[in-house]
**Student:** 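A single structure is presented below for examination.
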Amino acid sequence: MVKNYEPKPEHKFTFGLWTVGNTGSDPFGTDVRERKSPQDLVYLLADVGAYGVNFHDNDLIPIDATSSEAKKIKADFKKALADTGLVAPMATTNLFYDPIFKDGAYTSNSAKVRNYAIQKTMKAIDLGVEMGAEIFVFWGGREGTETDAAKDPVTSIRRTREAMNFLCEYVLDQGYDLKFALEAKPNEPRGDMYNATTGHMLAFIETLDHPEMVGVNPEVAHEHMAGLNFSHGVAQAIDVGKLFHIDLNDQAFGRYDQDFRFGAVNLKRAFFLVKLLEDYEYQGSKHFDAHAYRTEDYEGVKDFARGCMRTYLILKEKATQFNTDMEIQALLKEINRDDKAMGDVSGKYTPEKMKSLKDFSFDRKAISAKGLKYEKLDQLTNEILLGVR
Ligand code: GLT
Ligand code: MN
Ligand code: MN
């Protein structure tokens with residue numbers, strides 16, 4: 001049976017201009033695909049069935065564009081959105097490409113660079129809001145060091161806070177309906193980057209003047225680069241209501257920054273991620289922050305984009321299958337069974353519960369003698385993924 005895994009607007013699948021617009025260059029080789037205009041990329045995304053398109057300020061308007069050039073680009077882009085019905089739900093600032101950011105933006109030791117970065121972000125926020133963005137992402141590509149002789153790390157964190165507080169006030173002052181999402185990465189392009197993981201970001205957010213305006217944008221590849229379980233970081237963000245956006249892609253552990261198609265490397269991890277997002281009814285965009293292999297032409301770019309969305313939808317179906325599989329559910333029920341004897345001793349602290357718990361006699365040997373059936377559970381999960389169940 002051929003199933004229908006067609007993307008629909010309700011799935012909120014988005015791509016950055018820089019993802020499908022990636023020309024395949026890397027540190028060892030030049031472009032293999034011609035550069036396409038933003039509006040052509042919008043038509044390409046419409047063709048594959050995406051819901052939206054995200055952009056950096058300079059993906060849309062080159063850093064040295066004149067105001068009349070900028071006006072024309074904006075008009076063309078808006079026309080492409082209107083023609084296709086695509087939306088632009090997320091925008092961001094490029095604070096890493098231009099040489100002025102060679103030692104960071106908000107964390108630069110130069111006050112001029114720091115303030116230029118804040119000015120550039122305010123303008124990028126205006127542009128994003130003009131195009132309909134509701135989420136503004138911050139990825140500090142150059143916010144780090146190769147040598148800690150150069151920058152004091154505490155000062156760098158404080159400078160980042162000062163910039164974020166300034167920009168939150170800017171959004172409030174303009175009356176924009178916009179939330180911020182901070183994206184962590186452990187390294188690349190810097191030797192080491194500050195606030196290196198989603199967990200670091202979540203802790204940092206609570207130190208801001210307006211933590212309610214700021215959440216996270218975790219990226220699969222970035223947590224994998226740090227050797228972490230991505231779903232666990234996402235779970236922490238979900239738990240505190242901070243999963244404002246997500247960057248889906250794939251990445252082998254221990255490798256360079258690969259930004260592969262979603263599910264390209266580790267389907268099982270991708271499955272648990274999709275299951276988590278669906279079980280907890282994540283409502284934001286699912287942004288594929290990845291690009292096609294260097295071997296591809298633009299037909300291959302479409303294969304890449306369709307593949308990201310299709311894999312997500314297939315895994316979503318597998319998650320439903322897992323959640324309704326009677327054998328799996330019976331095992332889970334058994335594992336999570338309520339223990340009546342524990343009712344009087346656990347839960348919120350009271351002096352009575354504390355006393356009963358202190359006096360309770362646990363049969364340590366009997367408890368630990370019981371097998372947990374995780375081998376069986378995991379094999380059943382694999383069999384769902386392998387399509388034999
Ligand atoms: C860059 C980076 C991504 C970020 C983008 C947003 S740009 O491609 O590798 O992870 O999400 O600035
Ligand atoms: Mn990203
Ligand atoms: Mn990445």
Side-chain angles (χ1 to χ4, degrees), residues 13-27 38 41 52-61 63 88-98 101 104-106 117 120-121 124-125 127-128 133 135-144 160 163-164 167 180-190 193-198 201 215-228 230 233-234 237 243-266 270 273 284-294 304 308:
F13 290 140
T14 64
F15 291 83
L17 283 180
W18 70 94
T19 66
V20 283
N22 178 286
T23 52
S25 64
D26 65 20
L41 293 169
V53 57
N54 308 317
F55 58 89
H56 294 89
D57 48 356
N58 304 135
D59 297 339
L60 196 56
I61 300 172
I63 196 163
M90 180 272 259
T92 182
T93 332
N94 187 323
L95 297 174
F96 45 89
Y97 198 82
D98 193 86
F101 302 123
Y106 309 140
K120 190 171 190 289
T121 310
I125 287 174
L127 177 64
I135 297 286
F136 199 86
V137 161
F138 290 80
W139 175 66
R142 301 275 172 197
E143 311 291 17
T160 310
M164 295 310 304
L167 292 163
F180 290 171
L182 311 188
E183 179 177 348
K185 190 175 182 186
N187 57 275
E188 247 189 290
R190 296 313 298 261
M193 277 136 87
Y194 300 121
N195 283 332
T197 69
T198 298
M201 285 299 186
V216 289
N217 177 39
E219 174 172 318
V220 178
H222 297 177
E223 306 285 313
H224 285 190
M225 286 174 77
L228 299 175
F230 183 66
V234 170
L243 187 64
F244 287 7
H245 201 263
I246 194 161
D247 276 1
L248 301 175
N249 57 12
D250 214 348
Q251 163 87 34
F253 280 66
R255 297 293 172 95
Y256 68 98
D257 178 11
Q258 296 179 307
D259 287 338
F260 285 154
R261 188 181 76 258
F262 183 57
V265 178
N266 196 323
L273 173 62
S285 293
K286 289 147 201 148
H287 172 225
F288 296 104
D289 188 9
H291 52 75
Y293 302 143
R294 185 173 154 79
F304 147 81
C308 286

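In listed order, ligands and their atoms are each counted from 1. Note that the structure is predicted; figures quoted are calculated from it, not measured.
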**Student:** Can you report which non-hydrogen protein atom sits closest to atom 1 (C) of ligand 1, along with the distance?
**Tutor:** W139 CZ3, 3.7 Å

**Student:** Nearest protein heavy-atom contact for atom 8 (O) of ligand 1: which residue, which atom, what distance?
**Tutor:** W18 NE1, 3.3 Å

**Student:** Looking at NE2 of H245 and OG1 of T14, how far apart are the two atoms once the value is rounded to the nearest 0.5 Å?
**Tutor:** 5.0 Å

**Student:** Flag the pair D250 and R261 as a salt bridge only when some basic side-chain nitrogen lies within less than 4.0 angstrom of an acidic carboxylate oxygen.
**Tutor:** no

**Student:** Identify, by name, the N, O or S atom of D259 lying closest to the Mn ion (ligand 3).
**Tutor:** OD1

**Student:** So, 4.0 Å and heavy atoms of D247: is ligand 1 close enough to count as a contact?
**Tutor:** yes

**Student:** For ligand 1, which atoms sit closer than 4.0 Å to a heavy atom of H222?
**Tutor:** 10 (O)

**Student:** From the N, O or S atoms in D247, identify the one nearest to the Mn ion (ligand 2).
**Tutor:** OD2

**Student:** Hey, does the side chain of R294 reach the backbone of G24 with a donor-acceptor pair shorter than 3.5 angstrom?
**Tutor:** yes

**Student:** Please say whether more than 12 non-hydrogen atoms of neighbouring residues, nucleotides or ligands are located less than 6.0 Å from OH in Y97.
**Tutor:** no

**Student:** Quick one: report the N, O or S atom of D289 that is nearest to the Mn ion (ligand 2).
**Tutor:** OD2

**Student:** Checking E223 against T197: is there a side-chain donor and acceptor pair closer than 3.5 Å?
**Tutor:** no

**Student:** Any idea which N/O/S atom from E183 gets closest to the Mn ion (ligand 2)?
**Tutor:** OE2

**Student:** Would you check if there is a donor-acceptor pair between the side chains of D289 and W18 at a distance under 3.5 Å?
**Tutor:** yes

**Student:** So for ligand 1, is E183 a polar contact partner (N or O within less than 3.5 Å, distance only)?
**Tutor:** yes

**Student:** Look up atom NZ in K286 and atom CZ in F13, then write down how far apart they are to the nearest 0.5 Å.
**Tutor:** 5.5 Å

**Student:** So for ligand 1, is H56 a polar contact partner (N or O within less than 3.5 Å, distance only)?
**Tutor:** yes

**Student:** N217 versus ligand 1: do any nitrogen or oxygen atoms come within less than 3.5 Å of each other?
**Tutor:** no

**Student:** Side chains of N249 and E219: donor-acceptor distance under 3.5 Å anywhere?
**Tutor:** yes

**Student:** Looking only at side-chain N and O atoms, does N195 offer a donor or acceptor that is under 3.5 Å from a partner on K185?
**Tutor:** no

**Student:** I want to know if ligand 1 touches D289 in the polar sense, i.e. an N/O pair below 3.5 angstrom.
**Tutor:** yes

**Student:** Would you say E219 has an N, O or S atom lying under 2.8 Å from the Mn ion (ligand 3)?
**Tutor:** yes

